[in-house]
Novice: 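Let me begin by handing over the structure; questions about it come next.
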Amino acid sequence: MLDRYDQRLRQLESLLRISRAITAHLDLTSVLNLVIEVAVDLLAGNSGLIALRDDDGVTRIYAASGLARETWPAFTDLLATPIDDQPTLVRRLREVGADIGLPLRHVSALPLVFRGATVGVIYVFRAALNVEFTAEEHQLLTAFADQAAIAVSNARLFQSVLREKQHLDALIENSADGVMILDSRWRITTFNRAMEQLTGWSREEAIGRPCAEVLAIHTPQGANLCLTDCPLQRQPFEPNPVAEGWITTRDGRRLYIQSRYAAQRTPQGAFLGAIANVRDVTEQKIEAEMQNTFISVISHELRTPVSIIKGYAETLARQDAAWDAATLREGLMVIIEEADRLAQQINTLLEASRLQTDGMRLELSDWPVRPLVERVVERFMPQAGERFTFEIDIPDDLPPVHADYERTRTVLENLVSNAIKYSPNGGLVRIAARVSGDYAIISVSDQGIGIPFEEQKKLFRRFYRVDNRLRRETQGAGLGLFLSRVIVEAQGGRIWVDSRPGRGSRFSFTVPLATPMLSDRTAAPEAPSTSSEGTSEPPAMLPPYTEPPLLEDHEQ
Ligand code: ADP
């Protein structure tokens with residue numbers, strides 16, 4: 001009687017140990033090892049094992065007591081035997097015993113069942129010949145089978161949660177958008193790779209910091225929006241608030257970003273945390289601003305000639321006035337000139353929009369550079385008047401180029417027109433050409449207002465105009481250099497600028513030579529850039545350009 005009581009106590013103690021182990025750690029193997037060890041001990045067995053059915057339907061041994069790991073493969077047939085077929089089970093066990101050199105004679109096997117599903121089997125083996133497992137002992141094993149089943153299902157649940165988490169982590173990490181997760185104190189707990197690239201903050205530095213520090217979104221007035229108008233604190237709470245504005249990245253870039261938040265709150269509205277989706281929309285912002293500028297510039301550009309034409313036409317049409325022939329002619333000349341200007345503006349606009357949709361069709365032929373340059377200079381002479389001097393610097397032996405003549409003329413006209421437009425005090429305009437590798441470099445230098453370095457890269461974008469006094473005083477839509485870049489690049493060349501504020505500018509572009517200069521063949525300039533940025537630097541591989549950078553320097 002006492003024996004039975006003792007045994008019951010031991011059993012309870014063991015079960016308690018096992019349940020503690022189950023709650024203390026989620027390592028399945030160590031829990032199963034404990035279960036089988038205790039079960040073998042309590043059932044006075046010699047050995048035992050726990051086999052689980054894996055997701056692929058195969059049953060594998062996960063833990064054993066008294067059986068070396070090398071012997072496990074010998075149990076394959078036994079594991080495949082239905083456990084309610086006791087005679088076969090015993091026969092197979094004895095075969096295994098003979099196989100591995102262990103006296104295995106009796107077996108008690110029970111399924112591990114959790115919520116109605118069998119997840120595996122627990123086996124306890126005995127060596128003594130005539131000591132079979134009693135029904136009571138079999139019953140005792142049930143408690144261990146139940147515990148093992150709980151451990152297995154816990155571990156599998158944990159595994160699947162872990163897998164889900166890994167899946168989510170990978171999704172967040174590889175998202176093209178910046179993603180960061182905030183805790184209830186607005187501190188960053190997750191910071192993905194795109195976020196690192198966007199903000200210039202490394203994950204190690206960003207995690208743990210307040211998001212208002214790492215992603216300090218500023219209003220156009222310069223206030224930190226995250227501190228003055230945190231989108232997650234706006235009242236009433238918005239389900240998915242958005243904040244957008246400028247940030248300065250850790251490495252000094254200025255970006256316009258858009259950040260969308262999904263907040264988690266208690267039913268009372270207390271903030272529990274949020275996930276933020278951050279996008280760099282600088283390009284779109286600049287584009288939108290340029291479109292706005294463009295609309296105002298273009299309406300002004302088109303309206304001016306129209307009102308001049310209308311004014312002159314109305315005056316000339318007045319019935320109460322008798323105009324002499326000279327006045328009439330003068331008035332009509334103005335109307336013609338303004339109509340021409342209007343037509344030219346419309347052409348430029350059409351060209352720009354056509355380029356966007358169709359690309360460019362070129363009519364290539366071989367032609368010498370000098371006559372083109374002379375033609376362009378002649379055209380600008382009247383407009384340049386006394387204030388400008390033109391200089392053409394082209395060696396007589398410059399070989400012909402292979403390009404679209406009319407389009408190249410447009411480029412040169414744009415550059416010469418700008419040289420005049422942006423030189424309020426007049427001065428020298430020099431057009432030079434020389435050979436470099438398989439290309440001719442044509443350049444237009446002026447002694448005008450020059451261009452700040454940080455603006456130089458942007459000049460070749462659509463609608464871009466430098467914001468200075470002359471921008472308001474001169475006409476233009478910021479399309480000339482954009483069109484020039486597209487033409488030059490379509491011909492396989494490059495266009496760039498050297499300039500310093502107050503010291504003039506030199507715009508240069510390359511045109512392919514009709515016959516490549518085999519003897520002088522240095523590396524050819526790289527393929528035309530397809531970026532929308534344009535470039536302000538000469539192709540890296542062109543030999544140094546020996547002409548003094550700017551006219552003013554040259555004169556000093
Ligand atoms: P637009 O002259 O119609 O404004 P462009 O595309 O030809 O458009 O030129 C873009 C901007 O580049 C101009 O608005 C001007 O600010 C600047 N720019 C172009 N050429 C010169 C130059 N030679 N000197 C100074 N600034 C220039």
Side-chain angles (χ1 to χ4, degrees), residues 286-287 289-302 304-305 341-342 344-353 355-356 376-377 380 383-384 387-391 407 409-432 442-489 495-509 532-536 549-553:
I286 291 175
E287 182 83 355
E289 276 177 5
M290 281 187 184
Q291 298 275 9
N292 283 343
T293 317
F294 170 71
I295 289 168
S296 50
V297 167
I298 218 63
S299 50
H300 172 257
E301 289 284 298
L302 297 182
T304 313
R341 193 150 77 96
L342 197 59
Q344 197 179 341
Q345 293 285 10
I346 292 169
N347 274 344
T348 311
L349 276 178
L350 285 179
E351 182 90 325
S353 74
L355 277 183
Q356 259 184 307
V376 171
V377 168
F380 281 95
Q383 188 181 331
R387 295 181 305 130
F388 286 92
T389 317
F390 285 99
E391 186 183 303
R407 304 258 193 200
R409 183 162 72 101
T410 306
V411 175
L412 201 59
E413 281 180 355
N414 282 341
L415 298 184
V416 174
S417 153
N418 280 349
I420 295 171
K421 229 164 51 172
Y422 300 105
S423 300
N425 303 323
L428 180 63
V429 173
R430 179 198 287 138
I431 305 167
I442 304 176
S443 65
V444 178
S445 314
D446 63 51
Q447 294 177 302
I449 55 167
I451 303 150
F453 182 73
E454 60 286 359
E455 301 277 358
Q456 292 177 11
K457 230 184 179 161
K458 307 176 193 162
L459 299 182
F460 301 90
R461 290 181 183 164
R462 221 162 15 127
F463 310 142
Y464 197 84
R465 305 196 75 206
V466 179
D467 195 4
N468 53 26
R469 188 174 52 84
L470 270 191
R471 170 183 161 145
R472 290 175 283 280
E473 289 172 7
T474 55
Q475 289 180 331
L479 284 172
L481 288 179
F482 165 72
L483 284 176
S484 304
R485 172 171 71 82
V486 178
I487 293 170
V488 168
E489 290 183 354
I495 184 165
W496 68 96
V497 60
D498 303 291
S499 182
R500 249 174 290 155
R503 313 200 73 178
S505 309
R506 188 184 67 207
F507 284 83
S508 313
F509 64 99
S532 62
E533 292 266 312
T535 173
S536 65
L550 303 170
L551 283 173
E552 219 163 284
D553 291 355

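Read the numbers this way: they start at 1 and go in the same order the structure lists the ligands and their atoms. All residue numbers refer to positions in the sequence shown, counting from 1.
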Novice: Below 4.0 Å from any atom of ligand 1, is there a heavy atom belonging to G448?
Specialist: no

Novice: Is it the case that ligand 1 has an N or O less than 3.5 angstrom from some N or O of G480?
Specialist: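 There is such a contact, yes.
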
Novice: Rounded to the nearest 0.5 Å, how far does CG of N414 lie from CZ of F507?
Specialist: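 So the CZ of F507 and the CG of N414 are separated by 10.5 Å.
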
Novice: Not counting sequence neighbours, which residues clear salt bridge (Lys or Arg N to Asp or Glu O under 4.0 Å) with E391? List them please.
Specialist: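 Here the qualifying residues are R430.
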
Novice: How long is the gap from CD on Q447 to CG on L428, to the nearest 0.5 Å?
Specialist: 5.0 Å

Novice: Side chain or backbone of D446 under 4.0 Å from ligand 1, or both, or neither, by non-hydrogen atoms?
Specialist: side chain

Novice: Please check this pair: side chain of S443 against backbone of R506, looking for a donor-acceptor N/O pair closer than 3.5 Å.
Specialist: no

Novice: Does the side chain of Y464 come within less than 4.5 Å of L481's, by heavy atoms?
Specialist: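 In short, these two side chains do not touch, never coming nearer than 4.5 Å.
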
Novice: Within the distance-only criterion (no hydrogens, no angle test), does the side chain of S508 pair as donor or acceptor with the backbone N or O of I442 below 3.5 angstrom?
Specialist: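 Flag not set: sc S508 to bb I442 has no pair under 3.5 Å.
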
Novice: Any atom of ligand 1 sitting under 4.0 Å from a heavy atom of F460?
Specialist: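 Contact check F460 vs ligand 1: negative.
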
Novice: Is a donor on one side and an acceptor on the other found under 3.5 Å between the side chain of Q456 and the backbone of I451?
Specialist: yes

Novice: Near L459, which atoms of ligand 1 are under 4.0 Å from a heavy atom of that residue?
Specialist: 12 (O), 17 (C)

Novice: Hey, what do you get for CG (N418) to OG (S484), rounding to the nearest 0.5 Å?
Specialist: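 If we round to the nearest 0.5 Å, N418:CG and S484:OG are 7.5 Å apart.
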
Novice: Evaluate F507 for polar contact with ligand 1, using N/O atom pairs at a separation under 3.5 Å.
Specialist: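 F507 vs ligand 1: no N/O contact under 3.5 Å.
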
Novice: Please confirm whether N414 approaches ligand 1 to less than 4.0 Å, judged on its heavy atoms.
Specialist: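 Flag not set, N414 not near ligand 1.
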
Novice: What do you reckon, does Y422 have a nitrogen or oxygen under 3.5 Å from a nitrogen or oxygen of ligand 1?
Specialist: yes

Novice: Does ligand 1 have an atom under 4.0 Å from some heavy atom of E455?
Specialist: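 No, E455 has no heavy atom closer than 4.0 Å to ligand 1.
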
Novice: Relative to the heavy atoms of Y464, which atoms of ligand 1 are at a distance of less than 4.0 Å?
Specialist: 10 (C), 11 (C)

Novice: Could you tell me which atoms of ligand 1, counted from 1 in the order shown, lie closer than 4.0 angstrom to a heavy atom of K421?
Specialist: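 So the atoms of ligand 1 that pass are 1 (P), 2 (O), 3 (O).
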
Novice: Taking both backbone and side-chain atoms of I451, is any N or O found less than 3.5 Å from an N or O belonging to ligand 1?
Specialist: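 No; the residue has no nitrogen or oxygen that sits under 3.5 Å from a nitrogen or oxygen of the ligand.
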
